[in-house]
Each structure stands twice: as C-alpha cells, then as structure tokens.
Chemist: 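What follows is a structure written as structure tokens; I'll ask about it next.
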Amino acid sequence: MNTIEKIINAFEACVIYYSLSYLLCYSILAILSWFAIKRYYNKKYFLLKDVLVKSNHTIGVSIIAPAFNEATTIEYNVKSLLSQEYPKFEVVIVNDGSTDKTLEILITKFNLVKVDFFYQEKIPTQEVIGHYKSTNPIYSKLLVVDKINGKSKADGSNAGINSAKFNLFICTDVDCILRKDTVSMLAKPFIENTKRVIATGAAIRISNSCEFKDGMLYRSHFPTNFFAGFQELEYIRSYLFGRMAWTSVNGLLLVSGGLGMFDKEVAIEAGGYWHKSLGEDMELITRMRKLMHHKKEQFSIIYIPESLCWTEVPSTLEIFLRQRVRWARGLVQTLNLHRDVFLNPKYGKTGFLIFPYFVFFEFLVPILEVFGLTILLLDLIFFSVNVQHLIIGTSFVYLFYITITLISVFSDQVIYKHYTGLKEVLILIFMIFMEPLVFHPINVFASIKGYWHFFKQKEQKWGVQVRQGFNAPKN
C-alpha cells in the first residue's frame, strides 16, 4: 500500500467516524425534540393566553419591523401587524431610508404627522430624521421612525429598539404575516418561567401559494414553486425538529430574524444587533448568552412549536443563492467573531456543547461533503472501491436523512393539519425523497461559496428580494 492510499484510507476512516457521530447527534436531537414538544403541550394550558389577552396589567410589547422600499405592500403589512389580539402593544415601523414612496404611503394611509419624540440612542445607528404618529385613534398603536439608510436590517432594527417604549420587543420583517395571537404566545414564557427568559421564538411557515384575507392566513397550501417547496420541508425540519431539541436543553444559539421576542434590557446591554453582521439574529443571541454568562445569571431561551408567522421566501435560483450565501457567510462570521467561546469553561454549555456543535456539525459539514465526494471520485478513478459497501453506506445515510424529514413532516401534519388536500401531502412526500438529491447539493454549493467570500473578504450586500405579494382567497 503506497502513501497516497494510506492517506485516503485514513481520511475515509475519519469520515466514517465523523458520520457516525453526526448520525448519533441527530438521533439524540430527534428524541429531545419529541420530549420538548410533548412537554410544551402538557403545560400549554397552565396559563391560558386568553388571560393575557383580557388583562390590562400584562407586560407591554413593541413590534419592530424595518422597511426598505416596501411601497407595494406596506399598507397591507402594517394593518396586519396592528391586528394583534393583545391589550398592550405598539407597532414600530422603521423606514430605513427608502427611495420609493414607502414613507409617503404611510403618511397618507395612516394619517401620520411628525411629532416631538424623546429619542435616546442607546444603540448607535445612522441618523434618525423623525418620528411620526397618527391623528386617527384607530392607529394610535402605530409609530413610524424615519432614518437614513443603514445598509442592513440590523441598523433599522436598532433604531426601532431605541424608539420602543416597552420592555419586550418583537423583531420581525415588514412582509411577515403574524398570527393574531403571536404576541400573547411569545410573551407567555416570559411570565411562566422562574428563570429569566431573554428571548423566545416560534416556527415560521412559507407564505408562497398560501391564501390570506384581511392580513391573516385564510388557507394554507404547499408551495407550488420549485425552490419554495423544498424550503418548506427545510423549515419544518429545522423548527419542529432542530430548534425544539435545543430548547429542551436551553441550548438555542439562534432565534430567527423573521420572528423573535427579546428582553430589551438584555439586548441593549449586549449592544443590540451588529450592523456589519450578515447573520445578525444568531450573532445577537450569541452575545446575549455571553453577557448572561459574564453576569453569572440564570437564563432561558425558549422556542414554541407552533406556526405564528408566514413569510415569503426566494422563488428563483439567483435570489435563493444570494440568501444562502449570505447565511453561510453570516455563520462563519459569527463563529469567528466569538471564537473565544469555543471550549471555554467560563461559558458553560454554550462553550462546551452548543458552540462546538455549530463548528463541527453546521460549519464543517459542507466542507467535508465536498472533500468526501472528491476522495470518492479519486478512489473510483485510481483505486479499487468496494461498490457494495459504498451503496450500503450511501443508502443508509440517504434513508436516515429521509426518515428524519418524514418524522418532522408527519408530526407537523398530525398536530397542525396545515395541508387539507391529499394531493398536496403526496407532493410533499415525493419532494422529501428528492430533496437530498436535488436541493441539498445547491445548499452545499451556496455554503461553500459563502465561506469562500468570507475568507476572501469579498464585499456582499443584502440585495433586494422581489416580492410576489400575498394571494387572496379563491372563490
């Protein structure tokens, strides 16, 4: 056996052991997820959300939504956010230097006038030009912040945090549609838990192909678009399986930027969103966790296994790749920025469990997949390969991947019944079997490209997603 063969064999052995560790880790996460969901539904009615909705002494919540060039849908979206069934909340729309008629439409449609506002810049942002309130009592909960563009969602969100008057805030996207009880559902853990809850999140669904009426979901459909359909599977598996598992061990390092509720005091003390981050949601949670460890204060971050938010996702290859490249770059950017957490006893499970998981099983997986495929091709071309063992190993990994997704989708459908038609369920199942072969390679490519851009320090802008808008109910 020559030196090259020894190196290849050693690499293959490492890949096998790594793969077994990966599969074991996912099996454990699956079990933890099941117990977390079961525990959630066992205690769901301990504090009824109706008690929060009807109480005049409940905790206040600010809903913050940055907007940049959203003239097409801004009126519809704001009315949707204002329709929350909660006694004490406000909606803070941050016009982040829009170059279209976003601000003009807001002023006209909601009878806004510029007001004197005591603004404290606790988190540095681009200059805030002014604040607007409505002269119409119907829109008394609406506050519009006009500012110079900060070239990132983070800067707009920080201006909203500075302007928010309540102790809890929800950060969302202006194009998101929230369930009417979203505020009360996310606020419940802050009231129920003895530990200090610093953030909560919930499952996000894809709005592509769904029908909406009066700013609320009317009928749910599986997306007909190729890319949106695969993303639906990914979201179900990620939220119902992955994040619920981490919730059970208080190990969440990510609360989605599309929907998350935060303790404003902790968020401000941690420095708010980092305006240079391409993964600002994960980066903020990492800093908030570090802060609580430094203060040696017990805390919790909780996820809710219910769909409370619908958002439009990329429906073309170009926009999808741009989003996923940014996500991948944001991941390695955050891991690099906070590398002092890795295996650091000062940060408890964040340093010894959560951070290493993201390094070894989130960051490294795409790299090892590409290396593994390269070694396999070299084996096939230059050396003898046990084809039977190769087929068995590949089939095992494929079936494991399929099984995890099937369990997630089955649980989602049994509990929530989002899809009423048999045809949609069958399409969903078909796409589960196609995902590892079609969608996954595109994701891997985007991840590698994002890593490359980070290490080459190539400039990347957020870009603008072309909105298709929301579908009205069909007659």
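Worth saying up front: this structure is predicted, and the values here are computed from it rather than measured.
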Chemist: Is the backbone of Gly258 close enough, under 3.5 Å, to the side chain of Thr172 for a donor and an acceptor to pair up by distance?
Modeler: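 Pair found, side chain donor or acceptor close to backbone of Gly258.
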Chemist: Where is the tightest heavy-atom contact between Ser98 and Phe68, given as atom of each residue plus distance?
Modeler: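 In this case the closest contact between Ser98 and Phe68 is OG-CA, 3.4 Å.
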Chemist: Nearest 0.5 angstrom please: Asp181 CG to Leu308 CG, how far?
Modeler: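 If I round to the nearest 0.5 Å, the distance is 6.5 Å.
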Chemist: Just wondering, do Asn95 and Ile93 contact through their side chains at under 4.5 Å, heavy atoms?
Modeler: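 Not touching, per the 4.5 Å side-chain cut-off.
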Chemist: In terms of heavy-atom contacts, does NZ of Lys109 have more than 12 from other residues, nucleotides or ligands at under 6.0 Å?
Modeler: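 Not buried by this count: 12 neighbours or fewer within 6.0 Å.
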Chemist: Please assess Leu331 against Tyr451 for the test side chain to side chain contact (heavy atoms under 4.5 Å, CB included), listing each intermediate value before the final yes or no.
Modeler: CA-CA 9 Å; Leu331 170 65; Tyr451 299 166; 4.0 Å; yes
Chemist: Could you go through Ile74 and Leu106, starting from their C-alpha distance and side-chain angles, then the distance that decides it, and tell me whether this counts as side chain to side chain contact (heavy atoms under 4.5 Å, CB included)?
Modeler: CA-CA 7 Å; Ile74 190 66; Leu106 285 168; 3.6 Å; yes
Chemist: Any idea how Phe110 and Tyr139 line up, ring-wise: parallel (<30°), tilted (30 to 60°), or perpendicular (>60°)?
Modeler: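 Perpendicular.
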Chemist: What distance do Tyr18 atom OH and Phe360 atom CZ have between them, rounded to the nearest 0.5 Å?
Modeler: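 Spacing of OH (Tyr18) from CZ (Phe360) equals 8.5 Å.
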Chemist: About how many Å separate CZ of Phe454 and CZ of Arg329, when rounded to the nearest 0.5 Å?
Modeler: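 So the gap between those two atoms works out to 7.5 Å.
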Chemist: Take the angle between the ring planes of Phe361 and Tyr22 and call it parallel below 30°, perpendicular above 60°, tilted in between.
Modeler: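 It falls in the tilted class, 30° to 60°.
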Chemist: Distance-only, no hydrogens or angles: does the Thr102 side chain make a donor-acceptor pair with backbone N or O of Glu70 under 3.5 Å?
Modeler: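 At least one qualifying donor-acceptor pair exists.
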Chemist: Could you check whether any side-chain N or O of Ser80 sits under 3.5 Å from a backbone N or O of Ile177, counting only pairs where one atom can act as donor and the other as acceptor?
Modeler: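 No.
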Chemist: Are Phe352 and Leu343 close enough that some pair of their side-chain heavy atoms sits under 4.5 Å apart?
Modeler: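 Phe352 vs Leu343: side chains touch.
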Chemist: How close do Ile64 and Ala164 get, heavy atom to heavy atom, and via which atoms?
Modeler: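 Smallest heavy-atom distance, with atoms named: CD1-CB, 4.3 Å.
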Chemist: Supply the atom-to-atom distance Thr311 OG1 to Asp173 CG, rounded to the nearest 0.5 angstrom.
Modeler: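 That separation rounds to 5.5 Å.
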Chemist: Is it the case that the side chain of Ser140 and the backbone of Pro137 share a donor-acceptor pair, with hydrogens and angles ignored and the cut-off at 3.5 Å?
Modeler: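 Yes, because the side chain of Ser140 sits within donor-acceptor range (under 3.5 Å) of the backbone of Pro137.
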Chemist: Please report the closest heavy-atom contact between Ile123 and Asn162, naming both atoms and the distance.
Modeler: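 Between these two residues, the closest heavy atoms are O-ND2, 2.8 Å.
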Chemist: Kindly check if the number of other-residue, nucleotide or ligand heavy atoms within 6.0 Å of NZ (Lys38) is above 12?
Modeler: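 Counting other residues, nucleotides and ligands, NZ of Lys38 stays at 12 neighbours or fewer.
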Chemist: Checking the side chain of Asp96 only, and the main-chain atoms of Gly150 only, is there a donor and an acceptor separated by less than 3.5 Å?
Modeler: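 Looks like yes, one N/O pair under 3.5 Å.
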Chemist: When the ring planes of Phe439 and Phe230 are compared, do they come out parallel, tilted or perpendicular, using 30° and 60° as the limits?
Modeler: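 Correct class here is parallel.
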Chemist: Can Ser27 and Ile31 be said to form a side chain to side chain contact (heavy atoms under 4.5 Å, CB included), step by step?
Modeler: CA-CA 6 Å; Ser27 299; Ile31 296 170; 5.6 Å; no
Chemist: Picking from Lys147, Lys276, Gln126, what satisfies side chain to side chain donor-acceptor pair (under 3.5 Å) with Asp155?
Modeler: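 Single pass found, and it is Lys147.
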Chemist: With distance as the sole test, does Ser134 use its side chain to make a donor-acceptor pair with the main-chain N or O of Asn136 at under 3.5 Å?
Modeler: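 Present.
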Chemist: With side chains defined as the heavy atoms from C-beta onward, is the minimum distance between Tyr303 and Val255 less than 4.5 Å?
Modeler: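 Contact flag for Tyr303/Val255 side chains = yes.
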Chemist: Side-chain contact test, heavy atoms from C-beta onward, threshold under 4.5 Å: evaluate it for Leu143 versus Phe117 and give yes or no.
Modeler: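 Yes, side chains in contact.
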Chemist: Using the side chain to side chain contact (heavy atoms under 4.5 Å, CB included) rule, take Phe355 and Leu335 through it: C-alpha gap first, then chi angles, then the decisive distance, then the call.
Modeler: CA-CA 8 Å; Phe355 212 81; Leu335 295 176; 3.7 Å; yes
Chemist: Is there a donor-acceptor pair under 3.5 Å between the side chain of Asn208 and the backbone N or O of Pro223?
Modeler: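 Flag not set: sc Asn208 to bb Pro223 has no pair under 3.5 Å.
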Chemist: Give, for atom OG of Ser447 and atom CG of Leu364, the distance between the pair rounded to the nearest 0.5 Å.
Modeler: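 The OG atom of Ser447 sits 12.0 Å away from the CG atom of Leu364.
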Chemist: Quick check against the 3.5 Å criterion: does Asp146 have a side-chain atom that pairs as donor or acceptor with the backbone of Gly130?
Modeler: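 A pair under 3.5 Å: no.
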Chemist: Report yes or no: does Thr135 contribute a side-chain atom to a donor-acceptor pair with the main-chain N or O of Asn111 at less than 3.5 Å?
Modeler: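 Looks like yes, one N/O pair under 3.5 Å.
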Chemist: Please find the pair of heavy atoms, one from Leu321 and one from Ala446, that lie closest to each other, and give the distance.
Modeler: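 Looks like CD2-CB, 3.9 Å.
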Chemist: Does the side chain of Tyr86 come under 3.5 Å of the side chain of Thr58 through a donor N or O and an acceptor N or O?
Modeler: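 Result is yes, a qualifying pair exists.
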Chemist: For the residue pair His293 and Phe299, establish whether any side-chain heavy-atom pair is separated by less than 4.5 Å.
Modeler: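 Yes - at least one pair of side-chain heavy atoms lies under 4.5 Å apart.
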Chemist: Is there side-chain contact between Ile161 and Phe262, with at least one heavy-atom pair below 4.5 Å?
Modeler: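 Ile161 vs Phe262: side chains apart.
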Chemist: Can you tell me if Glu234 and Asn443 form a side-chain donor-acceptor pair at under 3.5 Å?
Modeler: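 Side-chain D/A pair, Glu234 to Asn443: present.
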Chemist: With side chain to side chain donor-acceptor pair (under 3.5 Å) as the test, pick out the partner of His338 among Lys290, Arg287, Arg289.
Modeler: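 Output: one option passes, namely Lys290.
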Chemist: Is the positively charged end of Lys264 above the ring of Phe166, judged by distance under 6.0 angstrom from the centroid and angle within 45° of the axis?
Modeler: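 That pair does not qualify as a cation-pi contact.
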Chemist: With a 4.5 Å limit on heavy-atom distance, are the side chains of Lys153 and Tyr273 in contact?
Modeler: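 Side-chain contact under 4.5 Å: no.
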Chemist: Check whether any side-chain heavy atom of Ile129 lies under 4.5 Å from a side-chain heavy atom of Ile148, and answer yes or no.
Modeler: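 With C-beta onward as the side chain, the pair touches.
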Chemist: Sub-3.5 Å donor-acceptor pair from the side chain of Glu90 to the main-chain atoms of Lys165, do we have one?
Modeler: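 Present.
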Chemist: Answer with yes or no whether the side chains of Asn336 and Arg339 bring together a donor and an acceptor at under 3.5 Å.
Modeler: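 Yes.
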Chemist: Ignoring hydrogens, what is the shortest heavy-atom contact between Val197 and Pro189? Give both atom names and the distance.
Modeler: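 For Val197 versus Pro189, the nearest heavy atoms are CG2-O, 3.4 Å.
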Chemist: So, Asp340 and Lys346, do they make that salt bridge, N to O below 4.0 Å?
Modeler: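 Between Lys346 and Asp340 there is no salt bridge, as every charged N stays at least 4.0 Å from the carboxylate O atoms.
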Chemist: Ignoring hydrogens, what is the shortest heavy-atom contact between Gln84 and Thr182? Give both atom names and the distance.
Modeler: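 Heavy atoms only, the tightest pair is OE1-N, 3.2 Å.
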Chemist: Between NZ of Lys141 and CG of Leu82, what distance do you get to the nearest 0.5 Å?
Modeler: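 With rounding to 0.5 Å, NZ (Lys141) is 9.0 Å from CG (Leu82).
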